[in-house]
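Inspection log for the structure reproduced underneath, given as structure tokens.
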Number of protein chains: 2
Amino acid sequence: MSIKCRNCPIRGLPLFQQMTDSELAFMEGFKVGEMQVQPGTPLLSAGASSPQLFTALRGFGLRYNLLPDGRRQVLSFIFPGDLIGLQSGVMHQMTHHVEATTAMTLCVFNRNQIWSLFRNLPARAYDLTWLAASEERFLGEALTAIGQKSALESLCWALARIYRRLEALKLDDTKSVPLPYRQQDLADALGLSLVHTNKTLARLRERQVATWNDGRLTVNDIHQLEEMGLVESRLPQTRPLM
Amino acid sequence: MSIKCRNCPIRGLPLFQQMTDSELAFMEGFKVGEMQVQPGTPLLSAGASSPQLFTALRGFGLRYNLLPDGRRQVLSFIFPGDLIGLQSGVMHQMTHHVEATTAMTLCVFNRNQIWSLFRNLPARAYDLTWLAASEERFLGEALTAIGQKSALESLCWALARIYRRLEALKLDDTKSVPLPYRQQDLADALGLSLVHTNKTLARLRERQVATWNDGRLTVNDIHQLEEMGLVESRLPQTRPLM
DNA sequence: CGCGTAATTGAGATATCTCAAGACAGGTGG
DNA sequence: CCACCTGTCTTGAGATATCTCAATTACGCG
């Protein structure tokens, strides 16, 4: 009933690095199961030391921090192909929350086996480090957006980054990708108020740069969007899929 | 002329995990040299693919992003014991800048050997991943500060974090640690203007919570500082030293 | 049909920014 | 030894991007 890694529906996308046969075999042992969750389901909680890691196969999620008084910082949006819980996996302590925004399908891994991965499959261990470094890089970019950019610039940055990632998943035709979050989620990701986020999105819509409604993001001019968001041009890199 | 790892001046601090003899031996082979740099020296530049990694042995540095128009986001302060260039090491591409703020002494490693580390010393490879995950966690915390907290809260958060880290280095008596940066550096780290940072620091000084001048940070009440900064309490963890 | 959630819009409030000037310390050259 | 310069810190005051409050609309669901 659980999908075999060799039949993984996203593995073949050009976004992801291809695996060798031995890696595939290892991953099928590493994977202990599959999980289907409803929208709103918490996957990991700060403070807890979860015994599991996940990879999102299908659906969308959210990673966030909470302050004691309820303020929320969204750290990142979770898309198919993302690894979830690496921090808890290697540091034995989760510091943020993860929850499913839509229904999701997740591959489940056993944290205890991480160590065997390091001992037996150095290439996969390296990939794990690559993913951690990649997250670090992303958060640095986000920090730069929130800390230095105007609301309009930040928004363009975020939408451009999201669009590029989702278009690589080929979930749909180009120009338009599914983005089933609330404006509040994006506001919390960018440290902006909901109202201001809404008004800034309206400006982008009027200017015919990008439109986000009914859970779909439509980008008319990705280059202009990236320019307005001061997105650093980068060589597109394929990423490992765990 | 280059210090042997077994004589490393910071290795014995309780902040750091102790190494086994075989790890020590490996590290001495991994370390290809030592570097002394003057204040202001750039160590790594965005875009470049540096062949080297460093560990700060002595001195202070800065990690930052630049926008095309000169705005600067400081990502983190670099203290003795910090690994520098892991991103470039595993992703083959640097996305931020690193420079020395004070004179520094650095251990130099060869990027090419990272792979041999993964193949031969899984425990050390694991440590590398741990460090990357740790950076990721830190940046998430910073994001939460900049995105959600008030200027006063952010400042308290930053000073508390810095103080805790430096006191663990036992560079000096408690209550006071060296912090040889400019107010502009902290402002750029928190996404605040220099002027506002200055005025907020003045408030902390008046309230007798913390004082930062002449390159020294003096904390009168670390618990109040952490409380004001909404610092999440965390179990103190020792960290690997590369 | 009524309710709850999300999006939208208007308008006044404010935390933070920008501009500007002065104080202070350290370094340099005459 | 003094005059000058530069970089950093400090302080005041007006400007503004963004926030908060509040009301309205739209929509899906039971």
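Since the structure is predicted, the reported quantities are computational estimates derived from the model, not experimental observations. Naming: A, B, ... by sequence-line order, numbering from 1 per chain.
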Between dT10(D), dC19(D), dG12(D), which nucleotide gets closest to the side-chain atoms of Arg205(B)? dT10(D)
Output the rounded distance in Å from CG (Asp214(A)) to P (dA7(C)). 10 Å
Below the 4.0 Å mark, does dT10(D) have OP1 or OP2 next to a side-chain nitrogen or oxygen of Asn198(B)? yes
Once you round it to whole Å, what is the distance between C1' of dA23(C) and CG of Asn213(B)? 15 Å
Residues Arg216(B), Asp214(B); criterion salt bridge (charged side-chain N to carboxylate O under 4.0 Å, His left out); working and verdict: CA-CA 6 Å; Arg216(B) 293 198 72 82; Asp214(B) 299 323; over 6 Å; no
Which nucleotide in the set dT16(C), dT10(D), dA6(C) lies at the smallest distance from any side-chain heavy atom of Leu192(B)? dT16(C)
Classify Gly215(A) by what it touches in the nucleic acid, base, sugar-phosphate, or nothing, heavy-atom distance under 4.0 Å. nothing
Can you tell me how far apart CE (Met94(A)) and CZ (Arg137(B)) are? Round to the nearest 0.5 Å. 11.5 Å
Take the protein atom NZ of Lys199(A) and the nucleotide atom C1' of dA22(D), then report the distance between them rounded to whole Å. 11 Å
Euclidean distance, atom CG of residue Leu190(B) to atom C1' of dT16(C) [Å, nearest integer]: 13 Å
Nearest whole angstrom, please: distance from the C1' of dC19(D) to the CD of Gln184(A). 13 Å
Report the nucleotide, chosen from dT18(D), dG12(D), dT8(C), that has the shortest atom-to-atom distance to any side-chain atom of Gln183(A). dT8(C)
Quick check, are the ring centers of Phe60(A) and Phe79(A) under 6.0 angstrom apart? yes
Evaluate the criterion ring-ring contact (aromatic ring centres under 6.0 Å, His included) for residue pair Phe77(A) and Tyr181(A); output intermediate values, then yes/no. CA-CA 9 Å; Phe77(A) 298 100; Tyr181(A) 296 94; 4.5 Å; yes
Send over the distance from Lys149(A) NZ to dA17(D) P, rounded to a whole Å. 19 Å
Which of the following nucleotides, dT11(D), dT9(C), dA6(C), is nearest to the side chain of Arg182(A)? dA6(C)
